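Residue numbering restarts at 1 for every chain, and letters A, B, ... go by the order of the sequence lines. Keep in mind that what you see is a predicted model, and the values were worked out from it rather than measured.
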Protein chains: 2
Amino acid sequence: MPADGDGTGAGIRPASGVLSVDAMGGDLGPEAVVAGLARAIRHTPAMRFIVHGDSAVLSALIAKRRGLSDHVTIRHADGVVRMDDKPSQIVRQGKDSSMWSAVESVRTGEADVCVSCGNTGALMAVSMIRLRKLPGVQRPAIAVLWPSRSAGGFNVMLDVGADIRADPDDLLQYALMGSSYARNGLGLERPRIGLLNVGTEETKGRAELKEASDLIEANAGAAGFSYVGFIEGGDIPGDTADVIVTDGFTGNVALKTGEGTARFVRDMLGEAFSATPLSKIAALLAMGSLKRLSKRIDPRRVNGGVFLGLNGTVVKSHGSADETGVAAALDLAWNLSRSGFSERLKSRIASATRAKETQE
Amino acid sequence: MPADGDGTGAGIRPASGVLSVDAMGGDLGPEAVVAGLARAIRHTPAMRFIVHGDSAVLSALIAKRRGLSDHVTIRHADGVVRMDDKPSQIVRQGKDSSMWSAVESVRTGEADVCVSCGNTGALMAVSMIRLRKLPGVQRPAIAVLWPSRSAGGFNVMLDVGADIRADPDDLLQYALMGSSYARNGLGLERPRIGLLNVGTEETKGRAELKEASDLIEANAGAAGFSYVGFIEGGDIPGDTADVIVTDGFTGNVALKTGEGTARFVRDMLGEAFSATPLSKIAALLAMGSLKRLSKRIDPRRVNGGVFLGLNGTVVKSHGSADETGVAAALDLAWNLSRSGFSERLKSRIASATRAKETQE
């Protein structure tokens, strides 16, 4: 097993300690990305970046941020992947894009983790083509962190949209990858894995989920996680499971529904507090507490879907990520880089695949 | 088309104006149900009930509520369906249960709508067997109201768990039934229908959803609804569609995720307001506004999943419904009874089925 990234940050090195950042393609443009870089190094001065995009634009933006240029190598790319570009188009014509270039730096080993705010479908397509799937993984997955009642304040859910289908073997892979992610990203030694279903009774749900449940249970011991069985939608923000395993269709609907509901409640709360003069005063008095709440459930703070199951780790930031959102995605990428996550995940999958081959 | 229920409430009549209520089987027992009946008639003195369960227990509870006995006929039933009873068991052995008896009153035409807090699976199984599916309906569905940004404050979503699968024809039926429900339950003349998917681009999502989308679009004109196309999880509480159509697996996960997220945010809000002395004072000042908010997003107020696609309407109340929750389910049942919903839905489905047969 490889050593963790040492994080001493002695300039840009060919191995770990470097993040590859696609500076173009987000809704707010390179300004937001560069602001995020500046914010991230205030917390973590050891961070080093290769930043991909229009070099003239980027040099000017970076020069404005005191001390940032010491942390950055700019890699010029002419093209930009737009939000409405089709993945197939990018794969054929996107080789000059900042996204392609950013993924490439992970492939060559110059950087550990790639971060992009671009179009999810295109980023997954480019990542699949350049990084390739880990041996033993049929479908890569996108994992997100979800604010929850668990001790660490977050649960992991995957897949939230890399692939709209998943068979029992895929769901087992998601359990393995998710537990590896929870171990390295959330510091949980023995993550609790739950399989999303309707109703917790064994008689309910789809047949392929029963098969997946048996498979995951059989692998729990060897893979070092606890399997808590079927869970329901209400358990996603709960303290029952640390890792929620599901197919990408269901996971994407759940993610968007949860985000939409939180946004709806937050908006209603805002209306409630501006409804009467008394409630406006109350809002002022409660400002500190409300800010803490809002921070706790702020989607920007858990910004970053992580692509799992490839030879290298890619963090997909929200397209609309601002400075705070970009910095959160960079922090996440940094933690994964420091823990040597890519290599650990690879060896975990390899040992599960070997075990399966031995059984067969 | 039948006349609406007249609601004059002149005693119990064999036709409309009567609700059939399963008083047993909820988590809080017959006390909560009888309290709900008493609450409901305070708003709507015209309501009449046939109440099913242990007659000794029910008479005693009803006698304690002033004036309630004038609104109620008690129908004795020995058995009770428990939350953990299996549907197949109930179908074989549950004929003496209050649930069976409550559905039976709708079948015989003594009552318009049945209300039960019992086990969903058992209630659906009994309803299917006794009421039977409407001609042209392959899979019945459960529809719920969801607090939303729409003008009326609610959207309809179906199916949320009657069946874990749905093919394109079923999804078309759900669109027809959901638009009929929105018309009668929410008073929307031309409901906007959306089909739940991942990503709104036409190239995304499952193949059967594309087929369903075409089918629903082709039927929009004749059925009197607008079709807004694919929507995402974030649109469920939004103002894009009044009716969200999906299969029962996805719908159930979305429903539970939304409820769980709203509960999580509410609990965090409670913690925020008790965090400091200042925030406690703020909570007092904002009490009125917070109560309005909490009412707006209170799941008890939208209590009642409606079984659609049967010869008769059944409202499934939350198992844990208290007085407020039961009264909300009764109000919903009353509105559907008054609008002659069962007959209107039947004729809507019949005309769509005829149109389809003519095309073929």
**Asked** Do you know the tightest heavy-atom contact between B:Phe249 and A:Val198?
**Response**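 Result for this residue pair: O-CG1, 3.6 Å.
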**Prompt:** Measuring heavy-atom distances to chain B, does A:Ser148 have an atom under 4.5 Å in its side chain, in its backbone, in both, or in neither?
**Reply:**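 When you check distances to chain B, only backbone atoms of A:Ser148 fall under 4.5 Å.
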**Prompt:** Heavy-atom distance under 4.5 Å to chain B: side chain of A:Ile236, backbone, both or neither?
**Reply:**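 Side chain only.
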**Prompt:** Using a cut-off of under 4.5 Å for heavy-atom pairs, which of A:Ala254, A:Gly161, A:Gly238 has the most such pairs with chain B?
**Reply:**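 Result: the option with the highest number of such pairs is A:Ala254.
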**Message:** Quick one, A:Thr261 and B:Trp146 - any side-chain contact, counting heavy atoms below 4.5 Å?
**Reply:**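 Yes, close enough: below the 4.5 Å cut-off.
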**Prompt:** Under a 4.5 Å cut-off applied to non-hydrogen side-chain atoms, are A:Asn252 and B:Glu232 in contact?
**Reply:**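 Yes. Closest side-chain heavy atoms under 4.5 Å.
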**Request:** Any chance you could measure B:Thr257, atom OG1, to A:Ile244, atom CD1, to the nearest 0.5 Å?
**Result:**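 Nearest 0.5 Å value for the OG1-CD1 distance: 9.5 Å.
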**Asked** From A:Ile231 CD1 over to B:Lys256 NZ, what is the distance, rounded to the nearest 0.5 angstrom?
**Response**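 Reported value, rounded in 0.5 Å steps: 12.0 Å.
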**Option in B:Gly248, B:Gly234, B:Gly260, B:Gly233 with maximal non-hydrogen atom pairs under 4.5 Å from chain A** =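 It is B:Gly233.
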**Intermediate values then yes/no, side-chain contact (heavy atoms from CB on, under 4.5 Å), A:Val253 and B:Val253** = CA-CA 8 Å; A:Val253 168; B:Val253 168; over 6 Å; no
**Message:** Check this for me: does any side-chain nitrogen of one of B:Arg165 and A:Glu208 sit under 4.0 Å from a carboxylate oxygen of the other?
**Reply:**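 Yes, B:Arg165 and A:Glu208 are salt-bridged.
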**Request:** Identify which part of B:Asp163 has an atom lying under 4.5 Å from any heavy atom of chain A, answering side chain, backbone, both or neither.
**Result:**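 Neither the backbone nor the side chain of B:Asp163 comes within 4.5 Å of chain A.
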